[in-house]
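Everything on this sheet refers to the single structure shown next.
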Amino acid sequence: MSTPTHTDRESLQAEDAVDALASFRGRFSLPEGLIYLDGNSLGPLPRGAAERAAEVINNEWGQGLIRSWNTSGWFEMPSRLGDKLSKLIGGKDGETVVTDTTSLNLFKALASAVRIQQQEAPSRRVILTERDNFPTDIYIAEGISDFLNSVNAETNEHYEVRLIDENLSLEQALDGSVAVLALSHVNYRTGAMWDMGAVTAAAHEAGALVIWDLAHAAGAVPVDLNGANADYAVGCTYKYLNGGPGSPAFIWVNARHQGRFWQPLTGWWSHAAPFAMADNYTAANDVRRFLCGTQPITSMAMVECGLDVSLDADMDLVRAKSLALADVFIALVRERCGEFGLELVTPENHAERGSHVSFRHPEGYAIIQALIDRDVIGDYREPEVLRFGLTPLYLSYTDIWDAVEILRDILETRAWDVPAFRTRHAVT
Ligand SMILES: *Cc1c(COP(=O)(O)O)cnc(C)c1O
């Protein structure tokens, strides 16, 4: 599959007719007539998930009650789903658990990496991330750093968060003081993608450990954590993995750290023998060390429905179609909406982008509201960014054509220019 060279609607329809991933559209339940360009924020409902939810609630909970922890595999679910998810991110069995939220998992991964460095290179006290990272990633890094500093207030051992930005490149920032480098593989706003292999190698060369946030990468682009020799990774399941609103996140740790890593949320689910009810903590000797407490089983069961769809898809085909959809989208916006001042903020080079495309426009918020009103769902991110997720499993080339035609109409008629579309909702 390569990028269609003709971008008229008939040619794109012909492209859809030979699309090897076309049948995956039927694996999702999407409203008729809607063009959903927000699967990077909340994936759609996989077919069968509602039935699975009813089964978990009515039978496993309703009938099985407490027995279901054993008889329905509830207790094993974080590891069993972790092994499934591992296949999508270049992990091995036993390296991933599905649990908690991305924010919480990032806290655990950062604490774990910092602790390893405290033992091996205690003078390294910088957590390096980037100003353009998703806010929670920066906030959690600040939280860990503040906490370590409050505990060590009497000493000079101050931790700090350092931010890569237009004034400080990754190369400049990666000096001998960096304990951990924590980056998002694909940038949530611009769609820009780091070269995981090269960045991980550079960080290791500089003596730092590396944590990758795969929130906008897992299920969207091929990821090879072991190939890159990364240290830790975290990510969401409700975005490209279609696990449902607020579904539990995941955390991966390279097997080489498993015997020695520690994390501070030492709840009983991370204990070597939770039901021994011991009065002291002994960590599990594997990735279950990253668990904390009792998991949201109904929500976790939904994660599996989404994972099973992604596991059936050939990731190389997914990537090829994602790039082609994005190329067509960019070309059509240029061609059809060129005079309306949309500025592309996503890198055009294939190797440097993930699976969403963003444009900047001063009236971005109102334009997105007008699109949603016409059943084309994208989203808006500050500042002025219109964001469009291009998800190969349920989008066609003609969807892209139709979405751009509606966008063109909205821009041409200034349909966005009404007070109703300027009112900010709590979630943008
Ligand atoms: C979506 C996203 C998150 C979300 O974290 P939650 O704890 O699930 O709210 C975190 N990091 C990145 C990079 C994201 O894109």
Side-chain angles (χ1 to χ4, degrees), residues 37-44 78 81 85 88-89 96-111 113 127-144 161 163-165 180-194 196 199 210-221 223 225 230 232-252 263 265 290-293 295-296 299-300 302-303 306 345-346 353-358 378-382 385 387-391 426-428:
L37 306 178
D38 216 355
N40 54 308
S41 201
L42 175 63
L81 299 194
L85 206 153
L88 296 170
I89 56 176
T96 309
V97 279
V98 172
T99 186
D100 296 339
T101 67
T102 300
S103 302
L104 279 167
N105 288 338
L106 184 59
F107 178 88
K108 291 182 273 187
L110 278 168
I127 297 173
L128 179 61
T129 181
E130 62 178 327
R131 195 176 300 282
D132 208 20
N133 206 342
F134 189 83
T136 208
D137 296 55
I138 299 176
Y139 304 162
I140 292 283
E142 288 176 342
I144 290 257
V161 177
L163 298 177
I164 297 162
D165 61 16
V180 193
L181 170 65
L183 291 174
S184 293
H185 186 30
V186 175
N187 184 279
Y188 80 103
R189 191 191 284 120
T190 64
M193 182 166 73
W194 288 102
M196 182 181 283
V199 170
V210 186
I211 302 171
W212 289 102
D213 187 330
L214 304 178
H216 285 270
V221 298
V223 175
L225 289 166
Y232 302 84
V234 299
C236 304
T237 64
Y238 53 77
K239 295 175 177 170
Y240 290 94
L241 295 174
N242 310 306
S247 57
F250 64 88
I251 183 163
W252 169 90
Q263 62 93 4
L265 301 181
F290 268 133
L291 300 176
C292 181
Q295 294 301 300
S299 192
M300 191 160 324
M302 298 300 91
V303 172
V345 297
T346 301
R353 66 164 130 108
S355 196
H356 67 271
V357 170
S358 301
D379 66 18
Y380 174 81
R381 287 292 176 265
E382 293 292 351
V385 172
R387 193 171 66 154
F388 302 98
L390 302 168
T391 45
V427 175
T428 64

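Keep in mind it's a predicted model, so treat the numbers as computed, not measured. In listed order, ligands and their atoms are each counted from 1.
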Answer yes or no: does an N/O atom from [X] fall short of 3.5 Å to an N/O atom of ligand 1?
| X | result |
| --- | --- |
| D213 | yes |
| S184 | no |
| H216 | yes |
| Y188 | no |

Could you tell me whether the side chain of [X] and the main chain of [Y] form a donor-acceptor pair under 3.5 Å?
| X | Y | result |
| --- | --- | --- |
| T190 | V345 | no |
| S247 | S299 | no |
| E130 | D132 | no |
| T237 | P248 | yes |

Nearest protein heavy-atom contact for atom 7 (O) of ligand 1: which residue, which atom, what distance?
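Closest protein heavy atom to atom 7 (O) of ligand 1: S103 OG, 2.6 Å.
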Looking only at protein heavy atoms, which one is nearest to atom 14 (C) of ligand 1, and what is the separation?
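Minimum-distance protein heavy atom for atom 14 (C) of ligand 1 reads K239 NZ, 2.9 Å.
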What part of D137, side chain, backbone, both or neither, has a heavy atom within less than 4.0 angstrom of ligand 1?
side chain
With backbone taken as N, CA, C and O and side chain as the heavy atoms from C-beta onward, which portion of A215 lies under 4.0 Å from ligand 1: side chain, backbone, both, or neither?
side chain
Are T391 and N40 close enough that some pair of their side-chain heavy atoms sits under 4.5 Å apart?
no
For S103, all residues meeting side chain to side chain contact (heavy atoms under 4.5 Å, CB included), sequence neighbours excluded:
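Counting only residues at least two positions away or on another chain, S103 forms a side chain to side chain contact (heavy atoms under 4.5 Å, CB included) with T101, T136, I140.
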With under 30° as parallel and over 60° as perpendicular, where do the rings of Y188 and H216 fit, or are they tilted in between?
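Correct class here is tilted.
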Who are the salt bridge (Lys or Arg N to Asp or Glu O under 4.0 Å) partners of D100, not counting sequence neighbours?
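Expected list: K108.
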Using heavy atoms and a 4.0 Å limit, tell me yes or no: is A249 in contact with ligand 1?
no
For ligand 1, which atoms have a heavy atom of Y238 less than 4.0 angstrom away?
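Result: 1 (C), 4 (C), 5 (O), 6 (P), 8 (O), 9 (O).
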Quick one: which ligand 1 atoms are inside 4.0 Å of a heavy atom on T101?
7 (O)
